[in-house]
**Q** 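The structure under discussion is supplied below as structure tokens; questions concerning it will follow.
FYI, the numbering just counts along the sequence from 1.
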Amino acid sequence: MMVRARRFHSITAIVSALLIVLFTASLFPAGWTGNSQAAATGGVQRVYTDKARYSPGNTAVISVDLSNTTGSTWSGTVYLKVYQLETQVHTTSQAVTLSNNQKTTITFNWTTPGTDFRGYFVSVDAGAFGSGATAIDVSSDFAKYPRYGYISEFPSAETALQSSAKVNTLAQDYHINAWQFYDWMWRHDKLFKRTGGTVDATWNDLFDRQISWQTIQNQISAVHNVNGAAMAYAMVYASRENYSSLGVSPTWGLYKDNAHASQHDVDFGDGSTYLYMFDPNNANWQNYIMGEYKDAINTAGFDGIHVDQMGQRSNVYLYGGSSVDLSQRFTPFLNQAKSQLTTNNSTHNRLAFNIVDGTVNGWAAEDVSKNANVDFNYSEIWYLSNSYKQLKDYIESLRENSNNKAVVLAAYMDYGENIGPRYEAESATLTNVGTNTDHPGYTGTGFVDQFASVGDSVEFTVTVPEDGKYSLVFRYANATGATAFRNLYVDNTFKYELYFLNQANWNTWSQDAWYQVDLTQGTHTIKLAYDNSGMNAGAINLDSLTLGTFDDHSIRLADAMMAASGATHIELGDDNQMLPHEYYPNKSKSMRNSLKSAMKDHYNFITAYENLLFDSNVTTNDSGLQFINMSGVTASGDGLANTVWYIPKRTPDYNIVHLINLLGNDNQWRNSASQPTFQTNVPMKIYIGNQESISNVYVASPDLNHGATSSLTFTTGTDSTGKYVSFTLPSLKYWDMIYMKRSFTNPVNAIYEAETEIKSSTTTNTNHAGYTGSGFVDGFSSSGSGVSFVVNATSDSDYALRFRYANGGSNATRNVYVDGKFAGTVSFDSTGSWNTWDYAEVATRLKPGVHTVVLYYASGNSGAINLDHLALNPTYIWQFDRKITSVPAGYRVTFRTGEQGWAHWGVNGWTGVADSKMRSNGSSNAALNHETSIGPFTTGTTVDFTFLWDDNNNGVLEPSTDRWEGTDFHITVS
């Protein structure tokens with residue numbers, strides 16, 4: 001997440017803007033112990049745990065802060081209950097007596113169960129006096145459910161107590177279990193600054209911030225004290241100017257030309273600061289920089305390395321002149337780094353890599369997520385995935401590519417927006433300045449100009465709603481050709497000398513001059529003054545002051561989307577800060593207490609219900625609206641604007657329905673939002689497969705009762721669409737998770753009858769003989785019609801989806817979607833009569849568990865069919881580039897080829913010869929766009945086969961004239 005040149009208009013501006021954060025005096029006001037915003041009400045002030053996570057069998061200490069402000073002595077019982085999903089697993093209580101205005105903290109100890117990787121919801125109830133909640137993560141490895149935070153300030157002024165306080169706040173209130181130590185190092189190519197072999201007490205980083213070695217050690221110790229992981233930020237390929245003095249060779253570099261005249265770099269514009277890029281796949285560079293990684297772990301005690309990069313680079317050449325694809329050179333580096341870190345210290349070998357601006361099939365995303373030996377997927381999101389649906393699809397692709405490794409997104413909310421209470425400069429108290437309207441783009445009725453001489457000042461009077469941190473963001477113009485400086489005063493006390501960067505012209509307004517201060521509730525004065533001191537100089541036009549504030553609604557919706565899709569969000573760090581920017585020390589926006597409270601509930605929720613959100617057995621299902629009916633509410637399955645977004649998932653035991661309320665908002669996750677239109681008492685039907693049985697329906701939400709599960713009364717039934725579960729949803733604010741306890745009865749011979757599954761714009765009938773079950777689906781003849789099956793895969797295998805059908809008309813096609821993803825186009829050739837039944841099929845890979853299979857008349861499909869059933873049969877796939885020679889008994893054999901024709905086959909020396917037509921499957925791969933299957937077979941069988949190719953494309957089997965493959969193939973069945 002280093003600053004990247006392509007993200008900014010001016011690298012000089014970057015350096016100047018970032019220098020604004022170089023202060024320490026206001027980091028820790030007197031008496032600072034860290035802010036807490038708890039999921040609690042009434043006299044229960046705060047509920048929290050002593051660790052970020054626990055190994056199985058550890059003792060969890062749950063603390064409850066109580067405060068009596070009732071006006072009289074309170075005596076009562078505080079009950080603590082622990083739940084694993086809907087099941088209560090522990091309860092205890094304590095009697096408490098508190099005098100009026102008395103505060104106390106009580107603690108409960110709970111020995112965590114021996115089962116690894118489980119989340120628990122903790123409820124605290126003191127009746128009318130108050131209630132609260134927290135959560136417990138019992139996991140031996142943080143990387144299973146990474147809740148990633150950050151630390152980006154390492155000042156000498158920070159004491160060990162303050163380091164512990166900042167870490168404890170994040171661990172206790174938000175369950176952050178891993179910290180990215182951002183820009184902690186001296187240089188990108190020499191992480192520690194040493195003198196005579198000893199680490200220096202301090203050093204200055206890339207942006208001239210002073211870094212304290214003692215503070216780094218204190219912070220790592222604090223992280224370890226809460227059972228968290230400390231990850232050292234480092235780069236994959238960056239080396240600073242004068243790198244040759246460190247033994248780094250230019251022959252290891254990456255260049256813009258084949259004559260190594262211009263090395264790829266980031267130029268920070270001051271004439272002396274550069275980051276030069278080196279080949280990640282160069283063995284010498286690997287050994288050099290991985291030595292630095294190991295030094296970070298061995299010297300500081302970091303638990304692993306967070307590896308960053310700077311995004312897509314094209315026209316990349318090695319020193320010798322050869323052109324390379326940089327996107328393919330990260331995985332070899334990462335696999336080597338993992339190996340070296342493991343050899344160095346197998347308990348401190350965690351590795352993460354930033355897939356910058358990844359999208360589905362994006363630059364480096366496919367290769368890294370599929371092949372790199374990292375502990376979890378990490379990706380910084382810019383502007384290739386702007387909609388909710390795009391980001392959901394990307395999350396799911398990362399998980400699918402990596403066999404369900406965890407996903408963490410760096411996604412900067414409200415990015416670039418100047419939001420919060422705004423005070424216009426022209427309405428402030430003005431001294432020796434004027435106002436004007438001669439440059440467009442201002443807010444309000446104008447702007448302040450003539451702000452150019454010693455003695456000039458603009459003083460704002462602001463009113464703030466609560467004690468806390470406030471970001472003072474000044475919108476200005478400056479086209480003098482140089483950076484201007486002004487002194488900032490808060491309540492007449494000097495705070496900082498602000499930078500106002502040169503812009504393209506006086507019509508260009510910027511909002512990158514900011515400073516964060518602590519303010520008490522009430523009225524304050526904020527003054528910018530041109531003083532005869534410091535670096536004060538230059539002229540500016542001043543438009544406004546904004547108290548930069550994160551928008552609660554957008555963050556709650558985006559975080560809900562990420563969690564429901566299977567990802568967590570790095571957003572919280574330092575002293576209860578939230579990330580507004582890719583440069584982590586940037587504090588141009590602040591959180592209000594309402595957002596802190598919402599985040600406490602959110603992180604409790606994603607910790608308590610981690611098994612329904614992030615487990616590897618959580619299957620994404622089809623989000624078609626045939627599965628849901630919300631009376632009076634517009635729903636969508638793809639995050640459309642002004643809808644309730646429906647995201648279905650399944651586990652081996654539960655059906656899960658996430659509802660994200662976008663009513664009143666657009667479909668963009670990044671920008672500020674409005675409070676969605678809250679819903680109450682919504683009648684709902686959820687359609688389920690015929691083989692599913694629902695025993696209980698539950699709802700849980702971070703927006704209701706601090707995330708506690710509630711049981712819902714429900715009924716089951718069947719209508720013309722199919723089998724359903726019906727209930728009333730009590731409330732929907734931002735995000736509800738409905739989860740239904742389910743059993744599944746596998747049908748005989750894995751045959752799923754179409755007439756009993758979920759039907760869309762189709763009917764059922766019995767007027768053509770030969771069907772199985774109680775009938776068949778007809779009326780399957782127009783765009784938008786379909787049948788949705790819910791099936792159970794008993795093993796991780798390829799399966800032939802074999803659709804039994806009749807077609808008395810012309811050839812037909814239908815698309816197949818498995819768990820919402822396109823799986824192929826099935827060709828339903830004419831059977832000659834509506835009383836004649838045949839099979840059409842396509843094979844797909846299924847992991848164990850419950851899946852949706854939708855056969856759908858999509859745009860581009862044609863024809864009419866009657867559909868009898870779906871047979872789900874495990875299969876092995878034979879291709880010319882993968883000529884399998886054996887299959888297990890009970891499996892079918894699917895042949896995939898690039899030509900139409902017939903599989904000519906027999907068994908045990910060509911007995912029982914038959915011909916199976918190779919039909920088009922809709923694949924975009926011309927070598928694999930036809931298929932058929934045969935079998936299954938018993939142990940000891942030998943399958944003999946070859947192919948007859950229909951070169952004249954007439955669809956008629958003509959052994960004497962069609963082209964034979966010319967080779968006989970054989971498969972043994974074991």
**Q** Taking Ser379 for the side chain and Ile355 for the main chain, is one N or O donor matched with an acceptor at less than 3.5 Å?
**A** yes

**Q** Once side-chain hydrogen bond (donor to acceptor under 3.5 Å, both in side chains) is applied, do any residues pair with Ser774, and if so which ones, sequence neighbours excluded?
**A**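 If we apply the side-chain hydrogen bond (donor to acceptor under 3.5 Å, both in side chains) test to Ser774, skipping adjacent residues, the hits are Glu755.
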
**Q** Once you measure the plane-to-plane angle for Phe828 and Tyr805, does it fall in the parallel (<30°), tilted (30-60°) or perpendicular (>60°) bin?
**A**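 The arrangement is perpendicular - the two ring planes meet at more than 60°.
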
**Q** What residues, two or more places apart in sequence or in another chain, satisfy salt bridge (Lys or Arg N to Asp or Glu O under 4.0 Å) together with Glu931?
**A** Arg896

**Q** Is there a donor-acceptor pair under 3.5 Å between the side chain of Asn811 and the backbone N or O of Ser830?
**A**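 Yes: the side chain of Asn811 pairs with the backbone of Ser830.
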
**Q** Quick one: pull up CZ in Phe776 and CG in Asn765 and give me the separation to the nearest 0.5 Å.
**A**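 The CZ atom of Phe776 sits 4.5 Å away from the CG atom of Asn765.
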
**Q** Can you check whether Ile686 reaches Ile738 side chain to side chain, under 4.5 Å on heavy atoms?
**A** no

**Q** What closest approach, in Å, do Leu948 and Pro959 show between heavy atoms, and which atom pair accounts for it?
**A** CD2-CA, 3.9 Å

**Q** For His904, enumerate each residue passing the ring pair (Phe, Tyr, Trp, His ring centres under 6.0 Å) test, keeping only those at least two apart in sequence or located in another chain.
**A** Trp910, Trp964

**Q** Which class fits the ring pair Phe330 and Trp363: parallel under 30°, tilted 30 to 60°, perpendicular over 60°?
**A**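 Geometry flag for Trp363 against Phe330: perpendicular rings.
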
**Q** Is there a donor-acceptor contact under 3.5 Å linking the side chains of Asn655 and Glu692?
**A** yes

**Q** Can we say Asp375 and Lys338 salt-bridge, meaning some charged N sits less than 4.0 Å from an Asp/Glu carboxylate O?
**A** yes

**Q** Do you know which two heavy atoms are closest between Ser385 and Leu391, and how far apart they sit?
**A** CB-CD1, 4.1 Å

**Q** Looking just at side-chain N and O atoms, do Asp868 and Thr772 make a donor-acceptor pair shorter than 3.5 Å?
**A** yes

**Q** Applying side chain to side chain contact (heavy atoms under 4.5 Å, CB included), can you list everything that pairs with Ser923, at least two apart in sequence or on another chain?
**A** Asn921, Asn925, Asn929

**Q** Look only at the side chain of Asn621 and the backbone of Lys649, and say whether a donor-acceptor pair between them is shorter than 3.5 Å.
**A** no

**Q** For Asn373 and Asn335, work out which heavy atoms get closest and say how close.
**A**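 Closest approach of Asn373 to Asn335: N-OD1, 2.6 Å.
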
**Q** Locate the shortest heavy-atom distance separating Ile395 from Val407; write the atom from each residue and the value.
**A** O-CG2, 4.1 Å

**Q** Please enumerate all residues that pass side chain to side chain contact (heavy atoms under 4.5 Å, CB included) together with Glu400, with sequence neighbours excluded.
**A**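 For Glu400, the residues satisfying side chain to side chain contact (heavy atoms under 4.5 Å, CB included) (neighbours in sequence not counted) are Lys821.
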
**Q** Determine whether Lys917 and Thr932 make a side-chain contact, defined as any pair of heavy atoms from C-beta on separated by less than 4.5 Å.
**A**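 Side-chain contact under 4.5 Å: no.
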
**Q** Of Asp778, Asn835, Thr836, which meets side chain to side chain contact (heavy atoms under 4.5 Å, CB included) against His768?
**A** Asn835

**Q** Between the side chain of Ser636 and the main-chain N/O of Thr643, is any donor-acceptor distance below 3.5 Å?
**A**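 Not a single qualifying donor-acceptor pair exists.
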
**Q** Could you tell me whether the side chain of Ser369 and the main chain of Leu398 form a donor-acceptor pair under 3.5 Å?
**A** no

**Q** Please evaluate residues Glu366 and Asn401 with respect to the criterion side-chain contact (heavy atoms from CB on, under 4.5 Å), reporting the C-alpha separation (whole Å), side-chain torsions for both, the decisive distance (0.1 Å), and the verdict.
**A** CA-CA 7 Å; Glu366 291 288 299; Asn401 287 346; 3.2 Å; yes

**Q** Do Leu870 and Glu757 have side-chain heavy atoms sitting under 4.5 Å apart?
**A**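 No; the side chains remain at least 4.5 Å from each other.
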
**Q** If you round to the nearest 0.5 Å, how far is OG1 of Thr885 from CD1 of Ile971?
**A** 8.0 Å

**Q** Closer than 3.5 angstrom, by distance alone: can the side chain of Thr875 be matched with the main-chain N or O of Thr894 as a donor-acceptor pair?
**A**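 Yes.
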
**Q** Going by atom types alone, do Ser788 and Gln626 pair a side-chain donor with an acceptor below 3.5 Å?
**A** yes

**Q** To check you understand the geometry: which heavy-atom pair defines the closest contact between Gly820 and Thr852, and what is its length?
**A** N-OG1, 4.3 Å

**Q** Under the rule for side-chain hydrogen bond (donor to acceptor under 3.5 Å, both in side chains), what residues qualify as partners of Asn617, not counting sequence neighbours?
**A** none

**Q** Answer whether the closest heavy-atom distance between the side chains of His658 and Leu613 falls below 4.5 Å.
**A**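 Sidechains of Leu613 and His658: in contact.
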
**Q** Give me the ring orientation class for Phe880 and Phe947: parallel if the planes are under 30° apart, tilted from 30 to 60°, perpendicular past 60°.
**A** tilted

**Q** Is a side-chain donor or acceptor of Gln691 paired with a backbone partner of Asn746 at a separation under 3.5 angstrom?
**A**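 No.
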
**Q** Taking side chain as C-beta onward, heavy atoms only, is Met630 less than 4.5 Å from Met684?
**A** yes

**Q** Could you pull out the closest heavy-atom pair between Ser327 and Asp367, with the gap in Å?
**A**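 That closest heavy-atom pairing would be O-OD2, 3.9 Å.
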
**Q** Donor-acceptor check, side chain of Asp968 to backbone of Asp944, threshold 3.5 angstrom: yes or no?
**A** no

**Q** Could you work out, with ring pair (Phe, Tyr, Trp, His ring centres under 6.0 Å) as the rule, every residue matching Phe780, not counting sequence neighbours?
**A** none

**Q** With rounding to the nearest 0.5 angstrom, report the OG to NZ distance, Ser397 to Lys392.
**A** 11.0 Å

**Q** Using the side-chain contact (heavy atoms from CB on, under 4.5 Å) rule, take Thr721 and Asn629 through it: C-alpha gap first, then chi angles, then the decisive distance, then the call.
**A** CA-CA 11 Å; Thr721 297; Asn629 184 295; over 6 Å; no

**Q** Return the CG to CG distance between Asn866 and Asn807, rounded to the nearest 0.5 Å.
**A**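 Answer rounded to 0.5 Å: 8.5 Å.
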
**Q** Would you please name every residue forming a side chain to side chain contact (heavy atoms under 4.5 Å, CB included) with Asn873, sequence neighbours left out?
**A**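 If we apply the side chain to side chain contact (heavy atoms under 4.5 Å, CB included) test to Asn873, skipping adjacent residues, the hits are Arg802, Ala871, Arg892.
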
**Q** When you measure from the side chain of Asp393 to the backbone N and O of Glu396, does any donor-acceptor pair fall under 3.5 Å?
**A**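 Not confirmed, Asp393 side chain does not pair with Glu396 backbone.
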
**Q** Just to verify, what does Ser797 make a side chain to side chain contact (heavy atoms under 4.5 Å, CB included) with, not counting sequence neighbours?
**A** Ser795, Tyr799, Pro874, Tyr891

**Q** Go through the structure and list residues passing ring pair (Phe, Tyr, Trp, His ring centres under 6.0 Å) with Trp902, not counting sequence neighbours.
**A**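 Testing Trp902 for ring pair (Phe, Tyr, Trp, His ring centres under 6.0 Å), a comparison that skips the adjacent residues, returns none.
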
**Q** Is the shortest side-chain heavy-atom distance between Trp878 and Phe945 below 4.5 Å?
**A**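 Trp878 reaches Phe945 side chain to side chain.
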
**Q** Any chance the side chains of Tyr687 and Asp719 put a donor and an acceptor closer than 3.5 Å?
**A** yes

**Q** Indicate the ring-plane relationship of Phe803 and Phe789, choosing parallel, tilted or perpendicular according to the 30° and 60° boundaries.
**A** tilted

**Q** Report yes if some heavy atom in the side chain of Lys723 is under 4.5 Å from a heavy atom in the side chain of Thr756; otherwise report no.
**A**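 The answer is no; the side chains never approach within 4.5 Å.
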
**Q** For Lys405, what residues pass the salt bridge (Lys or Arg N to Asp or Glu O under 4.0 Å) criterion, not counting sequence neighbours?
**A** none

**Q** For the CD1 atom of Ile865 and the CG atom of Leu855, what is their distance to the nearest 0.5 Å?
**A**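 Reported value, rounded in 0.5 Å steps: 5.5 Å.
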
**Q** Keeping to residues at least two apart or across chains, list the ring pair (Phe, Tyr, Trp, His ring centres under 6.0 Å) pairs with something in residues 853-874.
**A**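 Only Tyr839-His869 qualify under ring pair (Phe, Tyr, Trp, His ring centres under 6.0 Å).
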
**Q** Report the distance from atom CD1 of Ile688 to atom CE of Met740, rounding to the nearest 0.5 Å.
**A**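 These two atoms lie 7.0 Å from each other.
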
**Q** Any luck finding a side-chain donor-acceptor pair between Asn371 and Thr331 under 3.5 Å?
**A**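 No donor-acceptor contact under 3.5 Å links the two side chains.
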
**Q** With heavy-atom distances below 4.5 Å as the criterion, would you say the side chains of Thr619 and Lys847 are in contact?
**A**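 Side chain of Thr619 against side chain of Lys847, heavy atoms only: no contact under 4.5 Å found.
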
**Q** Whether the side chain of Ser339 engages the backbone of Gln336 through a donor-acceptor N/O pair (distance < 3.5 Å, no angle test) should be reported.
**A** no

